[in-house]
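I have placed the structure first, in the form of structure tokens, so that the comments after it can refer back to it.
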Protein chains: 2
Amino acid sequence: MTDVADAVLTPRAEQTRAAIVAAALDLYRERGYDAATMRMIAERAGVSTGNAYYYFGSKEELIQEFYSRNQAEHLAACREVLATETDLTARLRGTVRALIAVMAPYHEFAATLYKYAAEPASPLSPFSPQSSPARQASIALYREVVEGSKARMGADVRERLPELLWLYSLGITLYWVHDRSAGCERTYQLIDATVEVVGQLVSASRLPVLRKALSDLLRVVDLLSP
Amino acid sequence: MTDVADAVLTPRAEQTRAAIVAAALDLYRERGYDAATMRMIAERAGVSTGNAYYYFGSKEELIQEFYSRNQAEHLAACREVLATETDLTARLRGTVRALIAVMAPYHEFAATLYKYAAEPASPLSPFSPQSSPARQASIALYREVVEGSKARMGADVRERLPELLWLYSLGITLYWVHDRSAGCERTYQLIDATVEVVGQLVSASRLPVLRKALSDLLRVVDLLSP
DNA sequence: GTCTATAGTGGGATAGAC
DNA sequence: GTCTATCCCACTATAGAC
């Protein structure tokens, strides 16, 4: 690990760094992750391979750039639904659909990428400490999905639901990377079907019969988080 | 892909193949997946690296051997609970606890391994066509968990529950590979907490209020399977 | 601090002779 | 079926130019 990581960069360095990132993302989209070698990326960026490694300690580290780009685009893509819609199910559907739409151009790339994200020890894992800021940002988005809705629920549910919805979005993403249907229509079907269930379960969460199962479930979330 | 895959082997070839597998599993346990190079594996097996590649098209392919070994051990480890217990929750708890117990010696190895299983295109993915026999066998086991219980449920639930439980076991496994607690106690806590929820949800599934959410949920499973 | 050039390590995987 | 030899890759090391 000899890269400059998150240090403050001079304008010149920033430019070089950006060139490497752009070249990498281009090549990933064009030829996939494995076929895009560090030699190619450096060459297209107009720098030496050694210089590329000066900025990014490994080929994997470049993937983080894909993440942050996506996170920003997703936020922008949700803004409208979250500003206008008040139904919880509709807000959730809009948010998760936007997530998939934003990632769509990188469908194939995302598939090979999951390989690295799934490794528990990897900094690319969504559960890793390195991913904590991105994770918190995502959960905050789902908190906005919940808070901006007119749905009524218990305080305990309201507290934990954003995390659960974030986990839910991971599940949808996992399905999406496996989805080979045209235009990923099956993923959209899955979203439409599951957001309905989520909405109904949230409503049902106020029923006394489900109280026990619910508090058990929330205890599980406690187990998952800290 | 130039390996001999599932072709019928002469006794001599069978012996060579077995030696390679044994060397690989030993080295994986001793030093982990990445540190066990194909050169090492071949050397310990007493063959050339080229010969190892004659039997296994890639390093990843050797992992399949770990899977089949595990599947067999898990089946054996569940037999007692499934023969004696009739409560659905208890049957499920016993089965999933057995799964984790069987994999325990390979905890570290399994973590690095998940990297390959998570890649959708990989034959190692639990959803891949190549994994279909193993998947069917697993689902059959969870069907036995359901069928052997005295729990009452609708025909539609009974039909789809085994698949759901298999997915559930994948989720537990995913948590387990991330679990760094001593003796993986947190995973066992998670199992104990979630099997209760599952049992309660199955009971609750007969309530009319949940009918709509339930049929939606089952439709989701349809979407996931075929 | 930013970058080049180059030489080298050791890994997965393959070709082709035997 | 088995080997030897080889390829190309990610990645490292280093010496030095600007």
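Letters A, B, ... mirror the listed sequences (proteins, then strands); counts begin at 1.
Residues A:Arg186 and A:Leu190 have side chains not in contact (no heavy-atom distance under 4.5 Å, counting atoms from C-beta outward). Within the 4.5 Å cutoff, the side chain of A:Ser125 has heavy atoms near those of the B:His178 side chain.
Contact check, A:Thr49 against D:dA10: no side-chain N or O comes under 4.0 Å of OP1 or OP2. The shortest distance between the side-chain N/O atoms of A:Tyr54 and the OP1/OP2 oxygens of C:dC3 is not below 4.0 Å. Between D:dT2 and B:Arg12, a contact under 4.0 Å exists linking OP1 or OP2 to a side-chain N or O.
Here A:Thr16 lies in heavy-atom contact (under 4.0 Å) with sugar-phosphate atoms only.
Counting to the nearest Å, the C1' atom of C:dA13 and the OH atom of B:Tyr55 are 18 Å from each other. In this structure, CG of A:Leu62 is placed 13 Å from C1' of D:dA10, rounded to the nearest angstrom. A straight line from CD1 of B:Ile63 to P of C:dG12 spans 12 Å, rounded to a whole angstrom. In this structure, B:Asn51 atom CG and C:dT14 atom C1' are separated by 14 Å, rounded to whole Å. D:dC11 atom C1' lies 13 Å from atom CD of A:Glu61, rounded to whole Å. Going from atom CD of A:Gln15 over to atom C1' of C:dG1 covers 16 Å, rounded to whole Å.
Between atom CZ of residue A:Arg160 and atom CG of residue A:Leu218 there is a gap of 8.0 Å, rounded to the nearest 0.5 Å. One finds the OG1 atom of B:Thr194 at 11.0 Å from the CG atom of B:Leu201 (value rounded to the nearest 0.5 Å).
Considering only the side chain of B:Tyr53, C:dG12 comes nearest among C:dG12, C:dT2, D:dT2. Here the side chain of B:Ser58 is nearest to one of D:dC11, C:dC3, C:dA13, namely C:dA13.
Taking the six-membered ring for Trp and thresholds of 30 and 60 degrees, A:Phe127 and A:Trp166 have ring planes more than 60 degrees apart, a perpendicular arrangement.
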From CA spacing to verdict: ring-ring contact (aromatic ring centres under 6.0 Å, His included), A:Phe66, A:Tyr106
CA-CA 10 Å; A:Phe66 172 73; A:Tyr106 294 90; 5.0 Å; yes
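Heavy-atom distances under 4.0 Å link DNA chain D to B:Val47, B:Ser48 of residues 27-48 of chain B, given in residue order.
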Between side-chain atoms of residues 42-52 of chain A and protein atoms elsewhere (two or more places apart, or another chain), which donor-acceptor pairs fall under 3.5 Å?
from, atom 1, to, atom 2, distance (Å)
A:Arg44, NH1, A:Glu30, OE2, 3.0
A:Arg44, NH2, A:Glu30, OE1, 3.3
A:Ser48, OG, A:Asn51, N, 3.1

